[in-house]
Amino acid sequence: MAPDQSLPCKTRLETSYAFSRTFNSRNMEFYWYPLWCQTLFNLVADEPNLIIAPQFPVWILEHNDQLEGADDGDDPAEVEEIEKTLDGDQAVACSMQVPGDNINEDVGDHEPDSEVGDISFASTIPEKDARSVLVDFAVVSLTAVPRSEEKFRYGGWRITAANTCLLVEVKRFASRSLKKNELDAEIRLHIQEARTDLMVQAGHIFLQDKTKDSVMAIAAAGPYWSGTTIHRDNVEAIMDSLSSNDPSYRPPGEQLSDKTPKWNKILRLDGTSSIAASEARLRTICKKMREMSDQKTNAN
């Protein structure tokens, strides 16, 4: 079927979908996931070893994992049996459409002020009964070598390294009833909340990989976003706090503190006055991820 030439590009549709008062009447954040998933996919489409990982776990409670041995599930006969079962099953897909109302859904091409004041939020350190910490999206660089034919069930490649290059945390958009300064303020609040979460997520990344010194990050509120590179010394106090429940952890004698990274100006992905700057910034991020990937490959 030929594409409908009257429709705009996917990111425009995804933005309209998330802003829709009919479909996103409660202004929930996950309606913005399609836009960001598409944006990130487009960003790395030409990079064969950079993948998009939604709901990426930066921390998992180990004793809740079901660990597999190196040879678990390697029996080709088992694979054939699974494939036969899948071929024989019929999947039923159902969808729901919400009747449309004539609701005014206009959202202006609003650009918030870039400066964020001293706004504090509750820590996202896992609570006592937490099982994992997930980031909305991650871009992961994979290094791989070919496998023998009998291991083809794994796609024919053995992954030798996986390097997390970028963390993306998406928060819901500001209240759609707000205007101008009030809208600016709430966008900044939601982006600051995403920034706070990303600092903790980066702390988990650094605790898992002692050789990793930095990770890039995008904090978003709807279509608005800001980026930075979080270095290990930006989250020393956070890592100390995250490690406090580990019986083997020996805290340093000195008082640790976090150094706030420099976040860049808040832009809108598709804003008339900011789309060029937004696209240029995303290209820079992609270039840095490619360089990080090349460095990791050369190190191996």
**Item:** Backbone of Ser175 reached by a side-chain donor or acceptor of Glu186 within 3.5 Å
**Value:** yes
**Prompt:** Mind checking whether Phe173 and Trp32 have parallel, tilted or perpendicular rings, split at 30° and 60°?
**Reply:** tilted
**Request:** Measure the shortest side-chain to side-chain distance between Glu236 and Lys259 over non-hydrogen atoms and say whether it is less than 4.5 angstrom.
**Result:** no
**Asked** Nearest heavy-atom pair of Val58 and His204: which atoms, and what distance?
**Response** O-CB, 3.4 Å
**Asked** Which heavy atom in Val44 sits nearest to a heavy atom in Leu50, and how many Å separate them?
**Response** CG2-O, 3.8 Å
**Asked** Between Thr260 and Asn234, does a side chain to side chain contact (heavy atoms under 4.5 Å, CB included) hold up when you go through it step by step?
**Response** CA-CA 6 Å; Thr260 304; Asn234 292 133; over 6 Å; no
**Request:** Check the pair Thr11, Leu269 against side chain to side chain contact (heavy atoms under 4.5 Å, CB included), reporting the backbone distance first and the verdict last.
**Result:** CA-CA 9 Å; Thr11 53; Leu269 282 173; over 6 Å; no
**Message:** If you define the side chain from C-beta out and look only at heavy atoms, does anything of Leu166 sit under 4.5 Å from Ile285?
**Reply:** yes
**Asked** If only atom types and distance count, is the side chain of Arg158 paired as donor or acceptor with the main-chain N or O of Pro146 below 3.5 Å?
**Response** no
**Message:** Give me the atom names and distance for the closest heavy-atom approach of Glu169 to Ala194.
**Reply:** O-CB, 3.8 Å
**Prompt:** Are Leu178 and Ile187 connected in the hydrophobic side-chain network, where two residues link if heavy atoms are under 4.5 Å apart?
**Reply:** yes
**Prompt:** Would you say Phe30 and Trp225 are hydrophobically clustered, going by side-chain heavy atoms of ILVMFWY under 4.5 Å?
**Reply:** yes
**Request:** Please say whether more than 12 non-hydrogen atoms of neighbouring residues, nucleotides or ligands are located less than 6.0 Å from NZ in Lys288.
**Result:** no
**Asked** Do Thr15 and Arg12 pass the side chain to side chain contact (heavy atoms under 4.5 Å, CB included) test, and can you show the C-alpha distance, the side-chain angles, and the key distance before you say yes or no?
**Response** CA-CA 5 Å; Thr15 301; Arg12 286 286 186 181; 5.8 Å; no
**Asked** Taking all atoms of both residues into account, what is the closest heavy-atom pair of Met292 and Thr164, and its distance?
**Response** CE-O, 4.4 Å
**Prompt:** What distance do Arg147 atom CZ and Ile159 atom CD1 have between them, rounded to the nearest 0.5 Å?
**Reply:** 10.0 Å
**Prompt:** Does Val215 belong to the same Ile/Leu/Val/Met/Phe/Trp/Tyr cluster as Ile51, with side-chain heavy atoms less than 4.5 Å apart forming each link?
**Reply:** yes
**Item:** Spacing of CE belonging to Met199 relative to CG belonging to Leu167, to within rounding of 0.5 Å
**Value:** 12.0 Å
**Message:** With rounding to the nearest 0.5 angstrom, report the CZ to OG distance, Arg283 to Ser278.
**Reply:** 9.5 Å
**Derivation and outcome, side chain to side chain contact (heavy atoms under 4.5 Å, CB included), residues Val200 and Leu242** = CA-CA 8 Å; Val200 177; Leu242 293 173; 4.2 Å; yes
**Prompt:** Is any side-chain heavy atom of Phe137 less than 4.5 Å from a side-chain heavy atom of Ile52?
**Reply:** yes
**Message:** Can a donor-acceptor pair be found, under 3.5 Å and without considering hydrogens, that links the side chain of Ser243 to the backbone of Asp240?
**Reply:** no
**Item:** Under 3.5 Å: donor-acceptor pair, side chain of Ser274, backbone of Asp270
**Value:** no
**Asked** At their closest point, which heavy atom of Gln201 faces which heavy atom of Val133, and how far apart are they?
**Response** CG-CG1, 4.2 Å
**Request:** Just grab all the salt bridge (Lys or Arg N to Asp or Glu O under 4.0 Å) pairs involving residues 198-208, residues at least two apart or on different chains.
**Result:** none
**Complete:** Output for pair (Leu43 CG, Gln38 CD), nearest 0.5 Å, gives 11.5 Å
**Item:** N/O donor-acceptor pair under 3.5 Å between Tyr33 side chain and Asp136 backbone
**Value:** no
**Asked** Does one hydrophobic cluster hold both Val140 and Phe206, with members joined at side-chain heavy-atom distances below 4.5 Å?
**Response** yes
**Request:** Please answer whether the main-chain N or O of Ile230 pairs with a side-chain N or O of Thr228 as donor and acceptor at a distance below 3.5 Å.
**Result:** no
**Qualifying salt bridge (Lys or Arg N to Asp or Glu O under 4.0 Å) pairs with a residue from residues 22-45, counting only residues at least two apart or across chains** = none
**Asked** Do Val139 and Met289 come within less than 4.5 Å of each other through their side chains, counting heavy atoms only?
**Response** yes
**Request:** Report yes if the distance between the aromatic ring centroids of Tyr17 and Tyr31 is under 6.0 Å, otherwise no.
**Result:** yes
**Item:** Side-chain touch Ile218/Trp36, heavy atoms, less than 4.5 angstrom
**Value:** yes
**Asked** Does any N or O in the side chain of Ser226 come within less than 3.5 Å of the main-chain N or O of Asn264, such that one atom is a donor and the other an acceptor?
**Response** yes
**Item:** Atom pair SG/CD of Cys9 and Glu14 - distance to nearest 0.5 Å
**Value:** 8.5 Å
**Asked** Any link between Phe41 and Val168 through a network of hydrophobic side chains (Ile, Leu, Val, Met, Phe, Trp, Tyr) touching at under 4.5 Å?
**Response** no
**Message:** Between His190 (side chain only) and Arg172 (backbone N and O only), is there a donor and an acceptor less than 3.5 Å apart?
**Reply:** yes
**Asked** Are the side chain of Arg268 and the backbone of Ile275 linked by a donor-acceptor contact shorter than 3.5 Å?
**Response** no
**Message:** Check this for me: does any side-chain nitrogen of one of Arg195 and Asp197 sit under 4.0 Å from a carboxylate oxygen of the other?
**Reply:** no
**Prompt:** Looking at Trp263 and Ala219, what are the two nearest heavy atoms and their distance?
**Reply:** CZ3-CB, 3.9 Å
**Message:** Return the CG to OG distance between Leu267 and Ser273, rounded to the nearest 0.5 Å.
**Reply:** 8.5 Å
**Request:** Ignoring hydrogens and angles, state whether a donor on the side chain of Asn163 or Lys212 is under 3.5 Å from an acceptor on the partner side chain.
**Result:** yes
**Side-chain donor/acceptor of Asn24 to backbone N/O of Phe19, under 3.5 Å** = no
